[in-house]
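Per chain, numbering begins at 1; letters A, B, ... match sequence-line order. Values reported hereafter were calculated over all heavy atoms of this structure, with side chains retained and with hydrogens, waters and symmetry mates removed.
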Protein chains: 2
Amino acid sequence: MLISEGHKHMAEVGLTRFSAREVAKRIGYSIGTLYNVFGSYDHFLSAVNTRTFEQWAYEVRNALSDCKGDRIQCLVENYFSFARRNRNLWRAIYEHHVPDDFVMPDEQYIQRGKLTEAVVQEVANALPPEKTDMAPRLARSLIATVHGHCTFDLSGSFSLMGLDGAVEMALERVQESLRMAGVGAQSRIAAETT
Amino acid sequence: MLISEGHKHMAEVGLTRFSAREVAKRIGYSIGTLYNVFGSYDHFLSAVNTRTFEQWAYEVRNALSDCKGDRIQCLVENYFSFARRNRNLWRAIYEHHVPDDFVMPDEQYIQRGKLTEAVVQEVANALPPEKTDMAPRLARSLIATVHGHCTFDLSGSFSLMGLDGAVEMALERVQESLRMAGVGAQSRIAAETT
DNA sequence: GACGACAATTGAACGCCGTTCAAAAATATG
DNA sequence: CATATTTTTGAACGGCGTTCAATTGTCGTC
């Protein structure tokens with residue numbers, strides 16, 4: 001209830017304008033109740049952001065089920081698509097920094113890793129068999145690559161510089177790295193779907 | 001004076017805890033004066049962040065003058081080095097979002113582009129002559145790649161996953177893309193310094 | 001049903017912050 | 001020196017995270 005409404009409010013106003021009071025008020029509770037339930041603003045925000053990760057992981061799974069071509073391409077496109085459609089939510093998950101002594105509940109930690117797991121799996125599938133053990137590391141590095149492009153896309157940095165095609169650029173970079181790792185991504189995936 | 005002290009305060013406390021009042025107080029002015037000079041908190045923050053870009057561009061130039069080997073590598077290493085040593089400042093420049101109707105003064109806009117210009121120049125120098133026109137686009141894409149790795153490095157995402165070597169991963173991705181673009185980066189630069 | 005113990009909720013108060021603006025102080029001009 | 005203009009002040013406003021004494025609600029026991 002509180003998390004659900006918090007998630008909605010975050011989607012509307014973003015991190016800077018987010019207000020725990022407003023969330024409590026919207027569902028007919030007082031601000032004190034919210035503190036009883038979550039203990040702190042940071043814990044509340046963390047729960048709201050974990051909700052975003054859940055939604056995202058769900059959408060990634062769907063994108064992969066619906067994927068008719070290159071699965072890595074589907075992943076890259078979904079990364080951008082999700083961020084663009086959920087700009088405030090997406091930013092909040094990367095911009096909310098918890099205090100150093102913050103302890104995240106295990107379920108949240110697990111939930112937040114689901115997206116990465118899915119990507120690791122896809123990268124492992126794309127790699128030649130003798131290179132599968134580099135999948136975890138490479139997958140995370142490629143996520144970082146796409147993330148950087150996505151960040152600049154959303155902030156308008158690319159369009160300020162007169163550049164289109166953030167998705168295409170990210171995909172090029174990803175494909176270049178995969179090719180250097182021995183992946184003939186297109187032909188390999190095509191063979192699997194035939 | 002105000003920008004200088006604001007910059008220092010930002011370095012100490014980061015964006016979330018930043019206070020214009022505190023800055024004014026530290027140099028013996030009142031909060032009203034700050035509003036007279038800058039007009040708004042966002043304008044003040046923008047000026048503070050532009051200062052960070054200046055400092056960074058200055059450090060990049062120094063890193064390039066001092067560079068004895070692969071200049072692209074020096075750029076990547078400096079990106080991380082700067083961010084790690086100036087964590088609060090670095091985050092602020094990417095996390096402070098101005099309102100949509102915000103108009104940035106021209107000098108700030110120019111100053112913020114200097115870092116990118118330097119990178120574009122280095123990428124253009126590294127590329128084969130017939131591919132120089134792709135330098136602006138590729139350079140910006142590679143900056144995004146490094147930026148993504150740097151973001152995850154600073155947030156602890158990589159170390160949470162048990163991964164070391166964020167700089168090395170970023171550099172690998174950059175070098176893979178440059179190689180695919182026809183750059184034998186190492187041999188080309190070595191030939192120039194011989 | 002009455003009572004007591006415990007749990008859940010309330011919302012005012014606190015201190016902090018961005019923003020505003022009338023009053024005061026400082027500076028410039030003739 | 002007197003007046004006009006500019007600069008600075010800082011209290012007030014409303015909003016926010018946090019706290020906690022008071023109130024309300026729930027449950028178990030007799």
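- Classified by interplanar angle (parallel below 30°, tilted 30° to 60°, perpendicular above 60°), the ring pair B/Phe53/B/Tyr94 is perpendicular.
- Ring-plane geometry between A/Phe152 and B/His147 is classed as tilted, the angle between the planes lying from 30 to 60 degrees on a 0 to 90 degree scale.
- The distance between atom NZ of A/Lys25 and atom P of C/dT10, rounded to the nearest whole Å, is 14 Å.
- Straight-line distance from the OH atom of B/Tyr29 to the C1' atom of C/dA26: 11 Å, rounded to whole Å.
- Look at A/Arg26 and A/Glu12 and you find a salt bridge, because one of the NZ, NE, NH1 or NH2 atoms lies within 4.0 Å of a carboxylate O, short of that distance.
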Q. Could you write nucleotides 17-22 of chain C as a row of B, S and -, 5' to 3', where a protein heavy atom under 4.0 Å of any base atom gives B, of only sugar-phosphate atoms gives S, and otherwise -?
A. BBBB--
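- When the P atom of C/dA8 is taken as reference, atom CD1 of A/Ile27 falls 16 Å away, rounded to whole Å.
- Distance A/Leu34 CG to D/dC16 C1': 13 Å, rounded to the nearest Å.
- Per the geometry, CZ belonging to B/Phe38 stands 15 Å off C1' belonging to D/dT8, to the nearest Å.
- Within the 3.5 Å criterion, the main-chain N or O of B/Leu89 finds no donor-acceptor partner in the side chain of B/Asn86.
- Salt-bridge formation is detected for the pair A/Arg137/B/Glu172: a Lys NZ or Arg NE/NH1/NH2 atom is positioned less than 4.0 Å from an Asp or Glu carboxylate oxygen.
- Ring planes of B/Phe102 and B/His43: tilted class, angle from 30 to 60°.
- Atom-to-atom, CE of A/Met1 to P of C/dT9 comes out at 12 Å; the value is rounded to the nearest Å.
- At whole-Å resolution of the value, CG in A/Leu2 and C1' in C/dT9 are 12 Å apart.
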